[in-house]
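Single-structure report; data block below.
Basis for what follows: all heavy atoms, side chains included, without hydrogens, waters or symmetry-related copies. Fair warning: this is a prediction, and the values are worked out from it, not measured in the lab.
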Amino acid sequence: MEVSNDIKRKFDIINALSKVERPTLSYLHHETNIPESTLKRQLAALRACFGMRIMFVREADGNRGAVGYYILADWGIIDRDEFFKFYIKSMV
């Protein structure tokens, strides 16, 4: 099954979000090779299109735009186990 570049990006981000406990924007960029500005748009799309709850947590004493990390709190309409089966088989 061929997957569009847009979906591949989204799936790569989901995979990266699920790998570590506190993924930063820099970590997501390093793991996916997606520019940080595009990552922010894609994260918003994952929230809107798939109903995922992806929260940004600012580090202590963080100001707006400061350093923080993401939490994948709810997978929305995506079944986590089925996602990994598909991702491992088709995306890597």
Open item on the list: Once rounded to the nearest 0.5 Å, what's the spacing between atom NZ of K10 and atom CG of L43?
Closed with: 10.0 Å

Task: Nearest atoms (heavy-atom pairs only) where L28 meets P23 - done: CD2-CB, 4.2 Å

Task: Note, M55 side chain near Y70 side chain (heavy atom, < 4.5 Å) - done: no

Open item on the list: Please report the interatomic distance CG(L17) to OH(Y69), rounded to the nearest 0.5 Å.
Closed with: 13.5 Å

TODO: Measure the spacing between CZ of R9 and CG of N33 and express it to the nearest 0.5 Å.
DONE: 9.5 Å

- [ ] First locate atom CD1 of I13, then atom OG1 of T38, and finally report the distance between them rounded to the nearest 0.5 Å.
- [x] 8.5 Å

- [ ] Measure across Y87 and D12 and return the closest heavy-atom pair with its distance rounded to 0.1 Å.
- [x] OH-OD1, 2.7 Å

Open item on the list: I want to check something: taking the side chain as every heavy atom from C-beta on, are L25 and F56 in contact at a cut-off of under 4.5 Å?
Closed with: no

- [ ] Answer with yes or no whether the hydrophobic clustering places V57 together with M52; edges join I, L, V, M, F, W, Y residues whose side-chain heavy atoms lie under 4.5 Å apart.
- [x] no

Task: Contact summary for A16 and Y27, nearest pair of heavy atoms - done: O-CE2, 3.5 Å

Open item on the list: Starting from L72, can I reach I34 by hopping between I/L/V/M/F/W/Y residues whose side chains sit under 4.5 Å apart?
Closed with: yes

- [ ] Report the relative orientation of the aromatic rings in F11 and F83; use parallel for angles under 30°, tilted for 30 to 60°, perpendicular for over 60°.
- [x] perpendicular

Open item on the list: If you compare all heavy atoms of H29 against all heavy atoms of L39, which two are closest, and at what distance to 0.1 Å?
Closed with: N-CD1, 3.5 Å

- [ ] Flag yes if more than 12 heavy atoms outside N5 fall under 6.0 Å of its CG atom; otherwise flag no.
- [x] no

Task: Residues K85 and D81 bridged, charged N to O under 4.0 Å - done: no

Task: Min side-chain heavy-atom separation Q42-D6 under 4.5 Å - done: yes

Task: Within one Ile-Leu-Val-Met-Phe-Trp-Tyr cluster: L46 and I7, side-chain cutoff 4.5 Å - done: yes

Open item on the list: Can you give me the closest heavy-atom contact between S26 and E36, atom names plus distance?
Closed with: CA-OE2, 3.8 Å

